[in-house]
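Quick note: numbers below take in every heavy atom, side chains included, and nothing from hydrogens, waters or symmetry partners.
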Amino acid sequence: AASWMGRASLALTLALLALWTFFLLLARSPQLAYRILAPFHQPQYEPFGAGKVTLLDSSQILPLAVLYLVSALPFIFGGFVATLALTRYQDRVAQVYAWDLAGAGLGCVAAFALLSWLDPFATLAVLALFAALAAWLFFRESGARGGARGALALGALALVLAAATA
């Protein structure tokens with residue numbers, strides 16, 4: 001089960017790095033960002049005016065779907081890690097769940113702290129680094145050396161991206 005938790009943590013790392021890449025693409029291409037994010041910002045919206053405002057254009061559906069999918073991936077794979085941990089340690093579900101909640105709370109505080117020190121790109125890369133370290137720990141416990149090396153490589157990539165964007 002530790003190997004599966006390692007794989008799920010690796011997937012979480014990849015999802016965070018995909019989110020980093022997607023947001024970097026939006027930052028580098030203002031026209032694309034405008035097309036995707038325009039439905040969320042309607043300065044011409046007049047709730048009591050006579051003008052008709054179209055909130056969603058058919059050309060925005062695919063980019064919005066990609067935005068939602070890429071943004072949801074870290075949460076999906078994070079849920080896989082928690083589910084696998086609860087499945088693996090059924091005899092200690094209360095302890096595992098307590099540590100899961102404590103980690104989630106600490107992660108929220110850490111994310112806010114990181115965002116006050118770093119820009120969003122570096123913060124995402126640091127979070128990917130933490131996920132890679134978790135994957136390394138899971139793989140190390142299961143004895144899967146190849147997975148552990150892959151986790152360390154992704155962690156190094158995340159560290160380089162964090163340093164490059166900080």
Which residues pass the side-chain contact (heavy atoms from CB on, under 4.5 Å) test with [X], not counting sequence neighbours?
X	answer
L14	L154
T83	T87
L159	L129
R92	Y89, Q95

Self-check item: Under the ring pair (Phe, Tyr, Trp, His ring centres under 6.0 Å) test, residues paired with F80 that sit two or more places apart
Solution: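 Here the qualifying residues are F77.
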Report all side-chain donor-acceptor pairs from residues 120-128 shorter than 3.5 Å, counting only partners two or more places apart or in another chain.
residue: T123; atom: OG1; partner: D119; partner atom: O; Å: 3.0

Quiz item: What is the distance from atom CZ of F75 to atom CG of L12, rounded to the nearest 0.5 Å?
Solution: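 With rounding to 0.5 Å, CZ (F75) is 10.0 Å from CG (L12).
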Quiz item: Roughly how far apart are T165 OG1 and L24 CG, rounded to 0.5 Å?
Solution: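 CG of L24 is found 8.5 Å from OG1 of T165.
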Quiz item: Within a strict 4.5 Å, meaning less than it, do heavy atoms of the T21 and L25 side chains meet?
Solution: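 Sidechains of L25 and T21: no contact.
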Quiz item: S9 versus F130: any side-chain heavy-atom pair under 4.5 Å?
Solution: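 Result no, sub-4.5 Å side-chain heavy-atom pair not found.
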Exercise. Using the side chain to side chain contact (heavy atoms under 4.5 Å, CB included) rule, take L10 and F139 through it: C-alpha gap first, then chi angles, then the decisive distance, then the call.
Key: CA-CA 10 Å; L10 272 183; F139 282 125; 3.4 Å; yes
Practice problem: Check V81 against A8 and note the closest heavy-atom contact, atom names and distance. | Solution: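 Here V81 and A8 meet closest at CG2-CB, 3.5 Å.
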Quiz item: Apart from W136 itself, what residues make up its hydrophobic cluster when side-chain heavy atoms of I, L, V, M, F, W and Y under 4.5 Å apart count as a link, directly or indirectly?
Solution: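 Same cluster as W136: L137, L152.
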Quiz item: Within the side chain of S116, is there an N or O that forms a donor-acceptor pair under 3.5 Å with the backbone of A113?
Solution: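 Yes; at least one donor-acceptor contact below 3.5 Å.
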